[in-house]
Number of protein chains: 2
Amino acid sequence: MDLAPSRPEADTRRRILDAAQGLFVRHGLDATSLRMITAHASANIAAAHYHFGSKDALIEAVFRRGLARLNEMRLTELERLERAAGGSPLKPRQVLEAFFGTALILAADRDQGGFDFMRLLGRTMSDPNQFIRTFLAAEYQEVVDRFKSALFAALPEVPREEIIWRLHFMLGAMSYALAGTDALRLAAGLAGEDDPRAIAPRLMSFLLGGLRAPLPGKSAEVSISDTPTSSVGANRRIDKPPRQTARASGSKTVARGNPPAPGHRSSK
Amino acid sequence: MDLAPSRPEADTRRRILDAAQGLFVRHGLDATSLRMITAHASANIAAAHYHFGSKDALIEAVFRRGLARLNEMRLTELERLERAAGGSPLKPRQVLEAFFGTALILAADRDQGGFDFMRLLGRTMSDPNQFIRTFLAAEYQEVVDRFKSALFAALPEVPREEIIWRLHFMLGAMSYALAGTDALRLAAGLAGEDDPRAIAPRLMSFLLGGLRAPLPGKSAEVSISDTPTSSVGANRRIDKPPRQTARASGSKTVARGNPPAPGHRSSK
DNA sequence: CCAGTATTCAAACACCCGTTTGAATTGAGC
DNA sequence: GCTCAATTCAAACGGGTGTTTGAATACTGG
């Protein structure tokens, strides 16, 4: 339309959004200050408040922009498949492709920020901040309802409660894989460690396997809580292991003003 | 080398650790201040520095205490199973029980703080803070190596790279389930929504199903919707959704022309 | 009992945060 | 050219942060 490709005022707004997204995923929401963001965006601090109103509103704007794209892709794909199926229910794999496959496609888009956003989203999924949680839930609701229904129809013989649990688990697996933190250095050195295109086929077959796993036995034979005479509970209670004092012992024999190990802290 | 267990001064230390753990899981590491912690623990701010040296060192201490318990349980159980098997490799299910089952048992312990700690751990697994990440990796290394080896032995025919990926996915599913945030309000209203004893059997069969899923097709490494040959229904298979380039020229992603009109909220 | 260390405490320090202000700058329409 | 609104800017405000200080207290060994 009449929107010139480079409107200067709109540019500041977009630069701030981009900088915020990149810094949020690298340092976390709390640890990223508006001053860091505006410095990265070559903008003034007050400009951020002028365009967004507050830091929380800026966070909202970042997620709204990313989720609009993601959710539109998901719903478009789901509707396309349902239209092609013509009334008959989809296969479980198709539902997963529409939900998780599109997310992974978006995560592979490094240029337009899809990569950063999906990592950010993956990490934020387990953020305790109430304001974020309610916002995410609201922004997601339509998509979640649509895909829940599609999965119910695809697996009519599975109890709905069980399907919801498994959707929950699948979400966790994807979020963690996308977040790409690998806190345990598990995949360190693996090829394509943080490349969503390498992860996608592996994740999809893992998710399908989990979704179609046999239901947990009602008699709880599978359950760990009552493995015969409690495998782990054999020693009944966990004794406190001897306090590992190798590194922390300094903190109790302190004289005044003793910093245990001054060489800590960074990344904030 | 240690102080007697019931010395009153040691009590302050424990009270601070407990309060910190509870507040960390409710508000996050960054959003929890030392003043909040010491107020909850009925202690002085300086006492926290006296006993731990810094906030980062306090965070370390919280995780060290919890991980010592968790990792000891895991290793004990793994060794018990390996001893019982007498040289022959364990079954995949047994390895998962020793790793994830023990975590879920610990998470069910509400009295001694196991519940809070496992939720905290689940959320921290995707924390971007570098200091936390390296600390967790170091603290976990022995356990990770042991369980990786056990899984390799249990699944000799599966490529090791694939096993590592699936271990990664399983960790994500468990972390997210334990974190118990449910950002999407997926399981809202479900029975035992945040009770690890209700989650355990369901999670275990999901994980086993994912771990034993058929390997992803080797041929196409890039494609998301792979399965070039083995599609279940030959009729309508999922094509690659059209590359979403509409956004580049799209001017409707975010409603432009937002007047400043702040009206924000603060909920922190 | 006293000596001396281990622990607590209130107060202050320097710094960074999100937010606000009011003036300067820009750019389009008459 | 001028007007007027939209946008940017440097500077400041109040408040919360982690950390430090030095004195007061609690406790243990002799």
Side-chain angles (χ1 to χ4, degrees), chain A residues 2-4 6-16 20 23-24 27-39 41-61 129 131 249-268, chain B residues 1-4 6-16 20 23-24 27-39 41-61 129 131 256-268:
Chain A
D2 56 347
L3 281 184
S6 65
R7 283 255 296 271
E9 3 137 342
D11 194 51
T12 299
R13 195 188 148 92
R14 191 189 49 76
R15 280 201 331 269
I16 292 177
L23 289 170
F24 284 158
H27 303 103
L29 299 179
D30 282 326
T32 300
S33 72
L34 284 177
R35 283 169 175 83
M36 293 166 61
I37 294 172
T38 49
S42 302
N44 191 278
I45 306 185
H49 280 91
Y50 175 79
H51 284 286
F52 299 97
S54 72
K55 185 183 176 180
D56 278 353
L58 169 59
I59 295 177
E60 270 196 34
N129 186 321
F131 146 71
S249 63
S251 55
K252 28 188 53 169
T253 57
V254 282
R256 290 225 17 94
N258 143 310
H264 59 289
R265 167 156 281 280
S266 62
S267 89
K268 256 198 176 176
Chain B
M1 67 173 162
D2 257 3
L3 297 173
S6 66
R7 288 259 290 279
E9 71 237 26
D11 192 52
T12 299
R13 193 188 150 93
R14 192 189 48 75
R15 283 203 327 272
I16 292 177
L23 290 170
F24 284 157
H27 303 104
L29 300 179
D30 282 324
T32 301
S33 72
L34 283 176
R35 283 170 176 82
M36 294 165 62
I37 295 171
T38 49
S42 302
N44 191 277
I45 305 186
H49 279 90
Y50 174 79
H51 284 286
F52 300 97
S54 71
K55 184 182 177 181
D56 278 352
L58 168 58
I59 294 176
E60 271 195 33
N129 186 320
F131 146 69
R256 272 231 24 83
N258 270 1
H264 61 283
R265 46 164 115 31
S266 73
S267 69
K268 282 199 174 176

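Remember, it's a predicted structure, so these values are computed and weren't measured experimentally. Below, chain A is the first sequence line, B the second, and so on; all start at residue 1.
- Closest to the side chain of A:A46, out of C:dT20, D:dA6, C:dT7, is C:dT20.
- For the pair B:L34 CG and C:dC16 P, the computed distance is 17 Å after rounding to whole Å.
- Look at B:H51 and you won't find any side-chain N or O under 4.0 angstrom from OP1 or OP2 of C:dA6.
- Across the protein-nucleic acid pair, B:L29 atom CG and D:dG18 atom P stand 12 Å apart, rounded to whole Å.
- In this structure the side chain of B:H49 never reaches within 4.5 angstrom of the side chain of B:K55, judged on heavy atoms.
- The residue among B:A31 and A:I45 whose nearest nucleotide of DNA chain D is located toward the 5' end is A:I45.
- Counting any heavy atom pair closer than 4.0 Å across all strands shown, A:T38 reaches no nucleic acid atom.
- A straight line from OH of A:Y50 to C1' of D:dT7 spans 5 Å, rounded to a whole angstrom.
- Within the 4.0 Å cut-off from OP1 or OP2 of C:dG18, not a single side-chain nitrogen or oxygen of A:S54 is found.
- Comparing B:T32 and A:N44 by the nucleotide of DNA chain D that holds the closest heavy atom to each, the one mapping nearer the 5' end is A:N44.
- Residue-level contact check: B:S42 touches neither bases nor backbone, having no heavy atom under 4.0 Å from any strand.
- With a 4.5 Å cut-off on side-chain heavy atoms, B:I37 and B:I45 do not count as touching.
- In this structure, B:D11 places its CG atom 12 Å from P of D:dC27, rounding to the nearest Å.
- Closest to the side chain of B:H49, out of C:dG18, D:dT19, D:dT7, is D:dT19.
- In this structure, A:Y50 and A:T12 have side chains that are not in contact, with every pair of non-hydrogen atoms separated by 4.5 Å or more.
- When the C1' atom of D:dG16 is taken as reference, atom CD1 of B:I37 falls 14 Å away, rounded to whole Å.
- Rounded to a whole Å, the CE atom of B:M36 is 19 Å from the P atom of D:dG15.
- B:D30 places its CG atom 12 Å from the P atom of C:dG18, with the value rounded to the nearest Å.
- A:T32 contributes a side-chain N or O that, together with a main-chain N or O of A:L23, makes up a donor-acceptor pair within less than 3.5 Å.
- Residue B:S33 has no polar side-chain atom (N or O) positioned under 4.0 Å from OP1 or OP2 of D:dG16.
- Distances from the side chain of A:K55 to the nucleotides C:dT19, C:dT8, D:dT19 place C:dT19 closest.
- A donor-acceptor pair under 3.5 Å is formed between the side chain of B:R15 and the backbone N or O of B:S42.
- Interface remark: the B:R35 side chain does form a donor-acceptor pair with the D:dG18 base, using a distance-only criterion of under 3.5 Å.
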